[in-house]
Amino acid sequence: MIQLIRGFKDILPEEVELWQHIEKTARSLFEDFGFKEIRIPILEHAELFARSIGEDTDIVEKEMYTFPDGKRGLITLRPEATASVVRAYIQHSLYAKDPIQKFYTIGPMFRRERPQKGRYRQFYQINAEVFGIDSPLIDAQLIFMLVTFFSRLSVTEIETHINSLGCHKCRRDFKDALSIFLSAASEKLCADCKRRSQRNPLRVLDCKVPSCKEAMAEAPSILDYLCDECSIHFNGVKNVLEKFNIPFVIDSLLVRGLDYYTRTTFEIQTSSLGTQNAIAGGGRYDTLVKTLGGPAQPAIGFAIGFDRLVEITDLKSADLGQKPDIFLAALGEKSMSIVFEWFCAFCVDGIKAELDLNGRSLKSQMKRADRLGAEYVLIVGEKELEEGSAILRNMNTKEQAAIPIDDIVERIKKELSQKD
RNA sequence: GUGGGUGUAGCUCAGUCGGUAGAGCACCAGGUUGUGGCCCUGGGGGUCGAGGGUUCAAGCCCCUUCACUCACCCCA
């Protein structure tokens, strides 16, 4: 049989309930914080990602699904959302109406990596982006919003890591110092890190090879190279987080893998996902809007790994599942045709009803009603029809009584609404 | 892209020395002629991941391949 594509997955109905719950929680919280939803396309020109994420990153270099689109050049399945949101902000001159804009978006991203736990080729992200605010207050507020979000989903066991990458000037000074350090330490580094030392020295910082970690223990820290302004900004973020009683770890080795980040970067980590420990990450990208052809507006955002979140939350889909309000058990063809009309009437009126259309025995219908978790069963056989009645059984109390079938849909609606 | 582990019923998994394909759960039916959960009985369901090879004979041995999974890399 034809199977789904490697690294892709189906999200089946019983799990979808959990996804919907998480999505609802995010929408409601983010909207309370003043974020508006923006919906962006899944395909973009390849160039958008090359220019924003960076030509030398792994994402752009080897993980993107890129293919020719007729004669119009290359298009790419988006590997992340920020670039598209920035493009939309610029393309529709949203800054002209108000430079300050707050957006969120939820949807699939695509990266052609080898799949493993918490990593898929099509994966879902919940993104939030803020444009036009320089103040460190917004940095801290985003982190506060994230932490609140996780706590609403009963995700504990998380740790907030923060760092500052400084502005371009601090970063240049730091890179120079780091390069000098790396060339001195070169022989202690793994092969990957030797390569990184040339192409993207910052990446050596978060190498997981023990010998590299050891060699890097004495490496210069970006935090020592922050200019006054960047330093003040970072202190501002830390102060607000402390005021909000949000525990955090300063992690000068936290280097985001996308080139556009500046100043504050952060990551929410969990211990319960194996090696894929980041369930959310983000940071400032104060120069990206200009890089992509827009006005010089600061910006900051984050992405939450939806799939990873689903894996670590203690919430169970079973607790969120929808159960039928009433199960209709019809016996015989005559009953079936009458009950079928009631069945449709219930559904139209927003009562979740279930009817077994296969004409099975009462026993098997009761069994199914029980399995579906229906609170009531309405039993209608030839005997009841002759008497102009039907039997309404409460599955929890096992009490049952005959009720008249005139206006039965209305009667049962009333009965059910009294319960709520 | 590189390495390790695993592929047998819808699910979780046994399967001895190469000799007729198994269990539990789930599903369906009956026990109860029209009443769920517990119990009992029965039933359906398999290209043993796929392809090739060795053999009288392969779920088991050999080769190839695919998928899943964990880790590296990287990231959400």
Side-chain angles (χ1 to χ4, degrees), chain A residues 1-9 12 53 56-64 79-82 106-128 146 190-193 195-196 200 203 206-210 212 254-258 265-270 273-283 301-312 327 329-332 335 356 358 360-384 390-400:
Chain A
M1 70 156 288
I2 299 171
Q3 307 230 342
L4 51 59
I5 302 170
R6 179 185 183 79
F8 288 61
K9 65 174 177 181
L12 301 177
I53 299 171
D56 287 341
T57 58
D58 279 9
I59 295 177
V60 171
E61 229 173 45
K62 53 187 194 194
E63 295 172 4
M64 295 204 305
E80 60 116 34
T82 302
I106 302 173
M109 309 296 157
F110 304 83
R111 292 183 200 172
R112 202 178 175 291
E113 299 175 89
R114 188 83 172 256
Q116 68 188 72
K117 189 178 180 65
R119 199 175 71 185
Y120 309 97
R121 289 181 172 185
Q122 174 175 336
F123 60 101
Y124 292 78
Q125 283 190 342
I126 303 172
N127 279 81
L146 262 179
C190 68
D192 281 331
C193 281
R195 182 174 46 81
R196 290 188 191 110
N200 204 342
R203 299 238 62 88
D206 57 4
C207 181
K208 284 166 189 158
V209 176
C212 290
L254 179 67
V255 178
R256 315 250 77 243
L258 296 79
T265 59
F266 52 90
E267 199 166 281
I268 311 287
Q269 300 182 356
T270 170
L273 259 179
T275 182
Q276 310 302 319
N277 62 353
I279 49 171
F302 64 71
I304 299 166
F306 207 143
D307 314 69
R308 292 180 182 180
L309 187 49
V310 168
E311 283 177 39
I312 62 170
F327 187 97
L331 300 167
S335 303
D356 191 311
N358 288 336
R360 297 195 294 177
S361 71
L362 180 58
K363 177 175 174 163
S364 70
Q365 294 196 57
M366 293 298 290
K367 213 170 167 182
R368 180 142 181 265
D370 183 50
R371 197 163 56 223
L372 293 173
E375 197 176 352
Y376 288 93
V377 174
L378 187 70
I379 301 167
V380 188
E382 307 292 328
K383 208 193 299 174
E384 285 74 25
I391 297 168
L392 184 63
R393 175 179 177 87
N394 182 315
M395 295 292 276
N396 298 327
T397 63
K398 295 185 173 185
E399 286 167 5
Q400 63 182 45

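Order of the sequence lines fixes the chain letters, A, B, ..., with proteins taken first and strands second; residue numbering starts at 1 for each chain. Please read all numbers here as calculations on a predicted model, not as lab measurements. Note that these values count all heavy atoms, side chains included, but never hydrogens, waters or copies made by symmetry.
The A:Lys398 side chain lies nearest to B:G36 when the options are B:G1, B:G36, B:A29. If you check B:C75, B:G30, B:C70 against the side chain of A:Lys117, the one that comes closest is B:C70. With distances taken from any side-chain atom of A:Arg393 to the nucleotides B:G36, B:C75, B:A76, the minimum falls on B:G36.
Among the atoms of the strands shown, none is found under 4.0 Å from any heavy atom of A:Gly282. Within 4.0 Å (heavy atoms only), A:Gly373 reaches no atom of the nucleic acid at all. Within the nucleic acid shown, A:Ala369 has no heavy atom closer than 4.0 Å to any nucleic acid atom. Using a 4.0 Å heavy-atom cutoff across all strands shown, A:Phe327 reaches no nucleic acid atom at all. Using a 4.0 Å heavy-atom distance criterion, A:Ile379 is classed as a base contact. Nucleic acid contact for A:Glu384: base, since at least one base atom lies under 4.0 Å from a heavy atom of the residue.
Annotation for A:Glu80 and A:Arg111: closest pair CB-NH2, 3.9 Å, computed over non-hydrogen atoms. Nearest approach of A:Ala374 to A:Phe327, heavy atoms of both residues: CB-CB, 3.8 Å. A:Val377 and A:Ala369 make their closest contact through CG2-CB, 3.6 Å (heavy atoms, listed as atom of the first residue, atom of the second, distance).
Put simply, A:Arg114 has no side-chain N or O that comes within less than 4.0 Å of OP1 or OP2 on B:C75. An OP1 or OP2 oxygen of B:A71 is reached within less than 4.0 angstrom by a side-chain nitrogen or oxygen of A:Gln116. A sub-4.0 Å separation between OP1 or OP2 of B:A29 and a side-chain N or O of A:Ser364 is present. Residue A:Arg6 places at least one side-chain N or O closer than 4.0 Å to OP1 or OP2 of B:C68.
Toward the 5' end of RNA chain B, the nearer of the two residues A:Val380 and A:Lys62, judged by each one's closest nucleotide, is A:Val380. The 5' end of RNA chain B is approached more closely, in terms of each residue's nearest nucleotide, by A:Phe8 than by the other of A:Leu258 and A:Phe8.
With hydrogens and angles disregarded, a donor-acceptor distance shorter than 3.5 Å links the side chain of A:Gln365 to the backbone of A:Arg360. For A:Asp307 (side chain) and A:Gly118 (main-chain N/O), no donor-acceptor pair under 3.5 Å exists by modelled atom type. A donor-acceptor pair is defined here as one N or O able to donate and one able to accept, closer than 3.5 Å; no such pair exists between the side chain of A:Arg121 and the backbone of A:Pro115. The closest donor-acceptor contact from the side chain of A:Arg393 to the backbone of A:Gln400 lies at 3.5 Å or more, if one exists at all.
Taking 3.5 Å as the limit, the base of B:U35 and the side chain of A:Gln400 contain a donor-acceptor pair of atoms between them. Side-chain to base pairing of A:Gln3 with B:G49: no donor and acceptor N or O lie closer than 3.5 Å to each other. On a pure distance criterion of 3.5 Å, a polar donor-acceptor pair joins the side chain of A:Arg119 and the base of B:C73. Looking at A:Arg111, its side chain has no donor and acceptor atom pair within 3.5 Å of the base of B:C74. Between the side chain of A:Arg308 and the base of B:C75 there is at least one donor-acceptor pair of N/O atoms closer than 3.5 Å.
For A:Glu63 and B:C73, the CD to C1' distance is 9 Å, given to the nearest whole Å. In this structure, the CD atom of A:Glu113 is 16 Å from the C1' atom of B:U69, given to the nearest Å. One can place CG of A:Asp356 at 14 Å from C1' of B:G36, the figure rounded to the nearest angstrom. As rounded to whole Å, 19 Å separates atom P of B:U35 from atom CZ of A:Arg368. For the pair A:Leu362 CG and B:G31 P, the interatomic distance rounds to 13 Å; values are reported in whole Å. Atoms OH (A:Tyr120) and C1' (B:C75) sit 14 Å apart, rounded to a whole Å. To the nearest angstrom, C1' of B:G31 lies 7 Å from NZ of A:Lys363. Between A:Asn394 atom CG and B:U35 atom C1' there is a gap of 14 Å when expressed in whole angstrom units.
Residues forming a salt bridge (charged side-chain N to carboxylate O under 4.0 Å, His left out) with A:Asp370 (at least two apart in sequence, or on another chain): none.
Spacing of C1' atoms, B:G10 relative to B:G46, comes out at 12 Å, to the nearest Å. Straight-line distance between the C1' atoms of B:C28 and B:A67: roughly 31 Å, to the nearest whole Å. Rounded to a whole angstrom, the distance from the C1' atom of B:G43 to that of B:G4 is 43 Å. Taking the P atom of each, B:A23 and B:G18 are spaced 24 Å apart, rounded to whole Å. Rounded to whole Å, the P atom of B:U12 lies 35 Å from the corresponding atom of B:U54. The gap from the C1' atom of B:G15 to that of B:C60 amounts to 9 Å, rounded to the nearest Å. B:U64 and B:G30 have their C1' atoms separated by 50 Å, with the value rounded to a whole Å. Between B:C40 and B:C62, the distance separating the two P atoms is 43 Å to the nearest Å.
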task: Let me see the working for A:Arg6 and A:Arg114 under side-chain contact (heavy atoms from CB on, under 4.5 Å), right down to the final yes or no.
output: CA-CA 9 Å; A:Arg6 179 185 183 79; A:Arg114 188 83 172 256; 2.9 Å; yes
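Stem list for RNA chain B (at least 3 consecutive Watson-Crick or G-U pairs, distances under 3.5 Å): B:1-7 with B:66-72, B:10-13 with B:22-25, B:27-31 with B:39-43, B:49-53 with B:61-65.
We find the CD1-CD1 distance between A:Ile106 and A:Ile126 to be 5.0 Å, quoted to the nearest 0.5 Å.
Stacking here means ring centres nearer than 5.5 Å and ring planes tilted less than 30 degrees, and by that measure A:Phe123 stacks onto B:A76.
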